[in-house]
Amino acid sequence: MPAGYTRRDGALFCDGVALDTIADRVGTPVYVYSANTIRNQYQRLAAAVEGLPVHVHYSVKANSSLAILALLRSLGAGVDIVSGGELHRALEAGFAGSDIVFSGVGKTPAELERAVRAGVRSINVESEGELAVLQDVAHRIGVVAPVVLRVNPDVAVDTPHPYTRTGERGMKFGIPLDRVIAVARAMSHMTDVKLIGLASHLGSQIGDATPYALAAKALVQLKREIEGENLAQLTTLDLGGGLGVTDDDGSSLDLSAYADALRIAAAEPGVEILIEPGRFLVAESGVLVTRVLYRKHSGGKEIVITDAGMNDFIRPSLYASHHAIDSASSDAEPTLRANIVGPVCESGDFFANNRLIADVAPGDLLVLRATGAYGYSMASNYNSRPRPAEVLVDGSRFAVITERESDADLTRRETFAPDWIED
Ligand SMILES: *Cc1c(COP(=O)(O)O)cnc(C)c1O
């Protein structure tokens, strides 16, 4: 069981609260998060980088619920955002502009303007085109925009799925390594953008520190070239996120080796190192609790149908991710080999195939582990299914932090009587 989850007389608890209590009170499917586990992960990371000039900027897209953001803010984290919507969330959760870095490969002019007006710490620019748009926006509103160039360092990572790799040549992310100096030269003539640093982000679910060391070396090398040409004085090196966690695939990043990689960048005088962990801080804190609706037998296979589907949790369908599945009420030896599937009309709507689980019956609760990251934040309304509730547990207390959507929520912004506009 991940930290924060224990059994008492067979029943699964998140810290001091039984998951079946939450399911009874709030309904299912429901995401449950342990506040203490998030605190512990933050402290583990902080301890690993102690003494280094490292600042944690939580990647909002992993879990963007306001209460989670507020919890991480209370621990001292800043944030890394990738959209105007995430800017809105960060500001709502009480972050100051100076706590925010803005990444993303396709920022719109409107998003750039909002971010500059909010006084973000940096815009992590990913292309020459974006830089030109940012220069125009900043000029128009009369602010010098702080820019970190996101470099594509051409460092390959071995993640469980190709969709979670971002730092190789030819991928859409970042400015190619061999263009960075040219961009820095161009920037030295631009009046409304100021180059303050370099960034890289290699992918997600990285279990080995070596790629971080390679990226750190690449950024340091570029920094020295840029400063050697007197193009700018760089004060930020941002090594992105991607720190792998256990349970999902069994491997996890060695934090002391990771800290050694950061040390390569931190050895440069006068720099602050930013890191952008998302999954690492929240994945293991969360579970998805779902009720078994039906069992059936087909083509020699046992099929367990749950009330959660791919719209609630898409990672198994999208990334073939592995999540342990437990009974909430029994720690009996797993004896049932089954496909665990959702109600959505797609054959891709499954949580596990051919998995050995407890012998469950309709009405029983199942718990998918390590779903605190990229779970609720990727949920959709596909099949017109209202999105689930989110619950935060803190010690012996729990609170609904996101209400379950209602059917009315589904159609609130729609009309059956179009208000036609003549061209
Ligand atoms: C998604 C993302 C992260 C966080 O990745 P994790 O694997 O959740 O740590 C960090 N930085 C950037 C730029 C990202 O896009």
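No experiment lies behind these values; they were computed from the predicted model shown. Just so you know, ligand 1 is whichever comes first in the structure, and atom 1 is the first atom listed for that ligand.
- For ligand 1 and R150, the ligand atoms under 4.0 Å from any heavy atom of the residue are 13 (C).
- For R140, the CZ atom is densely surrounded, since the number of other residues' heavy atoms within 6.0 Å is greater than 12.
- Classification of the H57-H55 ring pair by plane angle, with boundaries at 30° and 60°, yields perpendicular.
- Side-chain N/O atoms of Y58 and E276 include no donor and acceptor closer than 3.5 Å.
- Atom numbering of ligand 1 starts at 1 in the shown order; those under 4.0 Å from a heavy atom of S103 are 13 (C).
- In terms of protein heavy-atom proximity, atom 10 (C) of ligand 1 is nearest to E276 O, 3.2 Å.
- If you check which protein heavy atom lies closest to atom 7 (O) of ligand 1, you get S204 OG, 2.2 Å.
- Under a 4.0 Å criterion applied to the non-hydrogen atoms of R279, ligand 1 contributes the atoms 6 (P), 8 (O), 9 (O).
- Between the side chain of R73 and the main chain of A93, a donor-acceptor pair closer than 3.5 Å is present.
- Counting heavy atoms of neighbouring residues, nucleotides and ligands inside a 6.0 Å radius, atom CD of E403 does not exceed 12 of them.
- The protein heavy atom nearest to atom 9 (O) of ligand 1 is G242 N, 2.7 Å.
- Contacts between N124 and ligand 1 below 4.0 angstrom, taking non-hydrogen atoms only, are absent altogether.
- Interface of Y374 with ligand 1, defined as ligand atoms under 4.0 Å from a residue heavy atom, comprises 1 (C), 4 (C), 5 (O), 6 (P), 8 (O).
- In terms of the side chain to side chain contact (heavy atoms under 4.5 Å, CB included) criterion, residue partners of V17 (sequence neighbours excluded) are, by chain and number, I22, V393, F398.
- Using a 4.0 Å cut-off to heavy atoms of S59, the atoms of ligand 1 that qualify are 1 (C), 2 (C), 3 (C), 4 (C), 10 (C).
- Taking a cut-off of under 4.0 Å to the non-hydrogen atoms of P277, the atoms of ligand 1 that pass are 9 (O).
- For the pair F173 and ligand 1, no heavy-atom separation below 4.0 Å is found.
- With hydrogens left out, the protein atom closest to atom 15 (O) of ligand 1 is K61 NZ, 2.7 Å, a heavy atom.
- Taking the six-membered ring wherever Trp is involved, the centroid distance between the rings of Y212 and Y258 falls below 6.0 Å.
- Residues meeting the side-chain hydrogen bond (donor to acceptor under 3.5 Å, both in side chains) test with T210, sequence neighbours left out: D208.
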